[in-house]
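One structure is given here, and the rest of the page talks about it.
Proteins come first, then strands; the chains are lettered A, B, ... in the order of their sequence lines, and each starts at number 1.
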Amino acid sequence: MDLNYSEEENAFRAEVRAFMETSVPSDLAAKVRGGKRLSKADHESWHAILSRQGWLAPAWPVEYGGTDWDPVQRYIFEEEYVRAGAPRIVPFAVTMLAPVLIKFGTEEQKQRYLPRILDGSDWWCQGYSEPGSGSDLASLRTRAVRDGDEYIVTGQKTWTTLGHHANMIFCLVRTKQDGKPQEGISFLLIDMATPGIEVRPIITIDGEHEVNEVFFDDVRVPVANRVGEENKGWTYAKYLLGHERTGIAGIAFATQALSNLKSVARRQMKGGRPLIEDPLFASRIAMTEIELDALRTTSMRAIVAARDGNSPGIEASMLKVKGTLIRQEISNLARKALGPMAMPYVTEALDPGSNVEAVGPEGANAVSSQYFNLRKMSIYGGSNEIQRNLIAKSLGL
Amino acid sequence: MDLNYSEEENAFRAEVRAFMETSVPSDLAAKVRGGKRLSKADHESWHAILSRQGWLAPAWPVEYGGTDWDPVQRYIFEEEYVRAGAPRIVPFAVTMLAPVLIKFGTEEQKQRYLPRILDGSDWWCQGYSEPGSGSDLASLRTRAVRDGDEYIVTGQKTWTTLGHHANMIFCLVRTKQDGKPQEGISFLLIDMATPGIEVRPIITIDGEHEVNEVFFDDVRVPVANRVGEENKGWTYAKYLLGHERTGIAGIAFATQALSNLKSVARRQMKGGRPLIEDPLFASRIAMTEIELDALRTTSMRAIVAARDGNSPGIEASMLKVKGTLIRQEISNLARKALGPMAMPYVTEALDPGSNVEAVGPEGANAVSSQYFNLRKMSIYGGSNEIQRNLIAKSLGL
Amino acid sequence: MDFEHTEERKLLAEMVRRYIADNYDLNGRHTAAALPEGFSRERWQAFAELGLIGALFPESAGGYGGAGADIAVLFEELGRGLVVEPFLAALLAGTVLAETRSDCPQLAGLIAEETILALAHEEADSRYDLARVTTEAKHNPDGSGWVISGAKSVVLAGDSADWLIVSARISGEVTQEAGIGLFLIPANADGLSIRGYPTVDGMHAAEIALEAVTVDADALLAGEGSGYAMLERAIGAGLLALSAEALGAMDVSADLTVEYFKTRSQFGKTIGSFQALQHRLADVLIEISQTRSSLINAASRFGSDDRQEREWALSAVKVCAGRNGQMVAEEVIQMHGGIGMTWDYAVGHYAKRLVMIDHMLGDADHHLLRVANLSKGGE
Amino acid sequence: MDFEHTEERKLLAEMVRRYIADNYDLNGRHTAAALPEGFSRERWQAFAELGLIGALFPESAGGYGGAGADIAVLFEELGRGLVVEPFLAALLAGTVLAETRSDCPQLAGLIAEETILALAHEEADSRYDLARVTTEAKHNPDGSGWVISGAKSVVLAGDSADWLIVSARISGEVTQEAGIGLFLIPANADGLSIRGYPTVDGMHAAEIALEAVTVDADALLAGEGSGYAMLERAIGAGLLALSAEALGAMDVSADLTVEYFKTRSQFGKTIGSFQALQHRLADVLIEISQTRSSLINAASRFGSDDRQEREWALSAVKVCAGRNGQMVAEEVIQMHGGIGMTWDYAVGHYAKRLVMIDHMLGDADHHLLRVANLSKGGE
């Protein structure tokens, strides 16, 4: 048992840190740290910077433009880029679709789509959830009917994150009506410029437009855009969800958020002394720190198991649940730390261009809205209830 | 809305308090306060004292030896007798069986059994649970087969509290094998001296003998000892359980336990100051105090609703769950308050006659064992899970 | 002992509930919240005409209520309706006036909805500590009154108020109870600058700076000896009101969830048939019931002259409102899933209000330790 | 980075587990616990012959282990087996000897199971505060050594020990870290009185009074300047050991519950098919997994020379053991129902051990604040 980083790993960290220090645009880091809104261009420019370095998709095989980093290196990379204030790599193409393409796509699909992800030509979004199928994903009803070399797709997807930026969507569609619901699903790649597609915003409780509904009305999709076999899409969907789950824990982001929380708690006063010295509050922060310290190792155990060829399985579900709970707890504490100053919400001040000033301490403006926004973490990516079902199932219950 | 006690109620409280002050034997109060074991004789002598005063069974109708106290008075009575250090009235006869007899028994049964409860001739125990039927009470399998004027009873009951003191047991037995399980149950009164009955102790994790298994091997019970109709026992059983549930919250006992906890926390030292001044511990005690203060009113609301003729229903289930959780939390905090001194457990010192001394502060010896003992509260009387099921059911889910 | 409200209060509650049901849907709320002042003057007038503002104050102050039960009944309904109009500001400021200058035109104007009042007390670093006041009031050198300087934070309805009641330190150390005065100041006074803004739950508040604001001697409502007690009285009314509002919001949140449980299906059955969700909902309902009991206790003890008993109960109910409000908020969103996260569905807005109530007039941690301190004397 | 134990440690764990499985069932445990000393000398000898005591100490002290991973691996198995023999006392006292007098016969005797050692440090009012020592050591007026007076509380294996290591204040205030000395004292010394007793989880401890116990000068193992650091080192090993023991007990408790879920039926189906119970069990497993991770962290940092890093990790894992241990204990009893409350079934005994571990060497509250304090320097 050896938990220490090797010398090579420390050298790797130094390399990544040096790159980040010179490469993350300072205005971008300021936006990220201030909780401001990021534009599509912000994301694209950061992706381009990483892509030029060959680091946009570290987990991909080298032949497709990835790296040969092992999971520990990938974790170090993530830690460093979060530390540098870089925004999260938009996951839909890089960490969700690409693994599916690489494992189940045709050579043609790989050659076409993977480079376009790396060079920023395509922005992908995810077409999984539907209004009637939340946790029960397999009950989806968007239909794809074969018509010669095309499918005709009709139906509705929802919770499509950043779908308003996307030009491509990967979709689960129903290609067979009878039999078990899981056995009639196919996985399609759809150009959003195809006639019959409409994207409508969903405004969330924090007042933000992040997710969308996507409507399909007789949308024609070439059969060549199907990944893998017809009616086998459920297999690919589950493969993708497994990848999503380990990623969601987001240890590096949680570490950063905890560090922010502590600096807020050092600045906020209670009874004339820094809040961080208040025993009740200090003990809550300490508990979260302990849990995150453990989760980092839980995550490493899953990662190293994966490196050694074992499937993460139940660990992925545990990580999803605990990781999201810890992340939510940090945002909960950040909100509490601000006291009454958690209330003001000047949304204009979140727009990068705006000269409207926020109210209260630096960075306070977005804290409560983020607390509400992060409620989504225990809902999406297979809700925490679904994960608990999976854990029970894996025990044979 | 008026939450204050009326002048009459205050006068009533003074009367009860005066009686308790002169009537609770001081050695008995000392045992109760010290968490020592009570003998059968201890219980019987206290019952006899209350019975002479006419206060053993306040909730019974006056004609059977009860009082005409309203629920608020009954609550005041309970508060005062707990305050005086009196032991709990053994509930099986007084608050569990008697209401069933009074509502569903024949005049003969009432005339025979109710006086014998009051004068201490009979000690009743409860024959509900079976090894295979815990929460699923209706699945019970102890059979009673009709043979002329008698039933022949064969089977096994378990968790029979203080069954080793009892000369009588009220039992649910199966009198019909087919149909819905609920529809083949009868309610029998059985003399434990009848041949074929054997009582075996169950030792619980605190090392105590409080509960028992009761075995029935071809035990002959007169049909006259059946309460109500054959196969309608489930109705009577549920009636009894409803009564048990509101009683279990035990506000008065919790109040006493909280007061004990606070005096322990005042005496125990942490960092050179009384533990009760420690912010973390003080806030836990305060939370429990707040919850108990609310529960007292929740309980009163149920009681007053009952007085005004409304059925408690969902409130009874809520009371059971929250009441047991608060009681358990108080015992949890008492254990924590003692620090390392929660560990010593000199069981001999709990025996009234013993001259073995306990270790640690006054009353500390029984604190941890009581914490473990009270785990039972969320299990018995319809487990807290069953109560949550009932709450959901009452919402039409 | 009796848990029924009087007939008058039942009628009041019934009337408010009907008015809100008929006139105040979620879209209406959004529209009102988006107005420059963060509420609708028209609705405010309608509420006043229904007599709701008068219900907050005793007859001696021109109202017809003012008891704990009046405040609790009314605010529970306001919580059910997610009402954005400035009732809480009215209660806080009006309570001070009712106790110090019950015949003043500002109070009459408040009850008649013509005047908006706000209590400007909290400061950036006071964090719920009632006695921590750094804003200073000095005798005007010309002998004519007072000069007040300092800053106030998150003043509810501070941007729409015509008059402000401002706490300021006349003497004593920064955390001392004695030495705090309360001043009635017109919002258009020279030296006052007010920045209004929306809060995350759709209400409005303001940051207020006072730079040498001069007022007459009669602006002093309560002086060094009585200012703190008066504040405690007003904040106490606010604690009761906010807790009642939280209870109303919890109740509706739970009702919406029960409804959703019966209609939404997953895996071929209604989600309300999943035991894990049933049990969590049961726990939610238990905590709501406990909050109701705590509110009954606080409303009943609100009128008590025994300060410890009264303040204990007020802090206790605020702890329940804060803790249970957060639990309800988080659970109902989770039990709804994605739909609960959307602007167009109500639960998210109830959740935001519930969570923000914990940030007002002292959070659960603050009041928990206050309960512990107030308990010390007792058994 | 590698989470696998070395082959040696895996073999050790495997061997202990097999020995316990073959020789140490619940009845055997009860029998041993009921012996006058609270454990079986025969078993203790068998454990020593398997080399288990030697695994706790480094080669320099006559053992062949002593690393964090050695302690963690061994105690996890002891926790799985609910072993009552005095391993923890041996670790605590032996660690002090190994660092101060590694060649003494008492340590050799300990490793050979011939000598029982105990660390007598806690006092009635010290409540986990390592530096709070009121027992006093004074220079003997005759110049020959020390005179020690005071009282020690809940000394593990204190009633079977041949030798005690006693902490006593040589100088300084009662809470000062400097000034604490550690003394090696024979249990039969004049002036020592020992009252042994069982603990609620079936172990044994003792109250020890010292009335002017005189010892030679060489009884002093660590003096005013180093006593505290030595204590922290020994207690640190104890924190790691107890947490590992807790993890073992949690694992078995969960396994028993899974097993019970599959066999026990209610309402016509196995109770493991009820979703509410499934979800609670899932949460239990998540916390156990977190405890394991925390233990890995602590075992890995146990050897670190960076005091803050090491002690942070040791306190952190004890918080996990304490909090999660209680959660597991309460949940597995509840999920078993009545059977979980009985003496003849194992889960109750695991539960008692889990809960009592939180009372040893600092409870979760204590270590939580210690973590907060140790974190202060960091980011």
Side-chain angles (χ1 to χ4, degrees), chain A residues 1-6 9 70-72 75 255 258-259 262-263 266 276-279 281-287 289-305 307-308 314-315 317-322 325-326 384-385 387-397, chain D residues 1-6 9 67-69 72-73 254 257-258 261-262 270-275 277-283 285-301 304 312-313 315-317 319-320 323 364-365 367-376 378-379:
Chain A
M1 194 166 59
D2 182 8
L3 254 69
N4 298 312
Y5 290 107
S6 66
E9 284 161 347
D70 70 13
V72 176
Y75 175 75
T255 305
L258 181 61
S259 162
K262 287 172 82 172
S263 67
R266 265 192 289 268
I276 202 164
E277 293 176 17
D278 174 68
F281 208 84
S283 70
R284 288 218 192 90
I285 293 181
M287 194 62 230
E289 235 177 324
I290 291 168
E291 296 210 273
L292 183 57
D293 185 60
L295 190 77
R296 195 174 292 112
T297 295
T298 305
S299 162
M300 279 299 191
R301 283 162 56 206
I303 287 173
V304 169
R307 180 190 65 187
D308 299 348
I314 189 174
E315 279 79 16
S317 291
M318 289 184 173
L319 265 179
K320 162 67 175 39
V321 175
K322 196 70 194 180
L325 291 179
I326 290 173
N384 285 10
E385 288 72 30
Q387 305 304 330
R388 293 190 182 97
N389 284 349
L390 291 172
I391 292 169
K393 201 173 166 189
S394 78
L395 297 170
L397 300 179
Chain D
M1 202 165 289
D2 180 9
F3 294 99
E4 291 279 296
H5 284 300
T6 59
R9 291 200 185 105
V73 160
T257 306
V258 172
F261 270 24
K262 290 179 182 173
T270 60
I271 60 171
S273 63
F274 288 96
Q275 195 195 31
L277 295 183
Q278 289 182 351
H279 281 205
R280 283 163 62 175
L281 181 62
D283 285 336
L285 294 177
I286 288 171
E287 297 306 332
I288 295 176
S289 171
Q290 283 282 91
T291 307
R292 180 171 296 286
S293 291
S294 186
L295 184 70
I296 290 170
N297 294 346
S300 156
R301 297 174 201 158
S304 168
W312 192 101
S315 279
V317 71
V319 170
C320 291
R323 283 174 62 118
D365 275 3
H367 285 288
L368 196 53
L369 281 179
R370 189 166 183 255
V371 163
N373 285 326
L374 287 164
S375 289
K376 265 186 196 155
E379 209 182 305

Locate the shortest heavy-atom distance separating A:Ile290 from D:Cys320; write the atom from each residue and the value.
CG2-SG, 3.6 Å
What part of A:Ile326 gets within 4.5 angstrom of chain D, counting heavy atoms only: side chain, backbone, both, or neither?
side chain
Output for pair (A:Glu291 CD, D:Glu287 CD), nearest 0.5 Å, gives 6.0 Å
Among D:Thr291, D:Val317, D:Val371, D:Asp365, which residue forms the greatest number of heavy-atom pairs with chain A at distances under 4.5 Å?
D:Val371
Tell me, side chain or backbone of D:Leu281 under 4.5 Å from chain A's heavy atoms, or both, or neither?
side chain
Where on D:Arg323 is there a heavy atom nearer than 4.5 Å to chain A: the side chain, the backbone, both, or neither?
side chain
Measure the CZ-CD1 distance between A:Arg301 and D:Ile296 for me, rounded to the nearest 0.5 Å.
4.5 Å
Among the listed options A:Ile285, A:Leu395, A:Asp293, A:Ile391, the residue most often paired with chain D at heavy-atom distances under 4.5 Å
A:Asp293
For D:Val319, is it the side chain, the backbone, both or neither that has a heavy atom under 4.5 Å from a heavy atom of chain A?
side chain
Relative to chain A, which of D:Leu277, D:Thr270, D:Ile271, D:Asp283 shows the most heavy atom pairs under 4.5 Å?
D:Asp283
Which region of D:Gln275, side chain (C-beta onward) or backbone (N, CA, C, O), has a non-hydrogen atom less than 4.5 Å from a non-hydrogen atom of chain A, or is it both or neither?
side chain
Can a donor-acceptor pair be found between the side chains of A:Thr298 and D:Ser293 at a distance below 3.5 Å?
yes
List for me each residue that meets side-chain contact (heavy atoms from CB on, under 4.5 Å) alongside A:Lys393, sequence neighbours excluded, and say none if there are none.
none
Chain A contacts, top residue of D:Ala316, D:Ser315, D:Gly68 (heavy-atom pairs, under 4.5 Å)
D:Ala316
Under 4.5 Å heavy-atom distance to chain A, tell me which part of D:Leu369 shows up: side chain, backbone, both or neither.
side chain
Interface moiety of A:Asn384 toward chain D, non-hydrogen atoms closer than 4.5 Å:
neither
Side chain, backbone, both or neither of D:Arg301 within contact of chain A (heavy atoms, under 4.5 Å):
side chain
Heavy-atom cut-off 4.5 Å, strictly under: side chain, backbone, both or neither for D:Ser289 against chain A?
both
List the steps, then state whether side chain to side chain contact (heavy atoms under 4.5 Å, CB included) holds for D:Ile286 with A:Gln387.
CA-CA 11 Å; D:Ile286 288 171; A:Gln387 305 304 330; over 6 Å; no
If you apply the rule side chain to side chain contact (heavy atoms under 4.5 Å, CB included), what do you find for D:Gln278 with A:Arg388, and how did you get there?
CA-CA 7 Å; D:Gln278 289 182 351; A:Arg388 293 190 182 97; over 6 Å; no
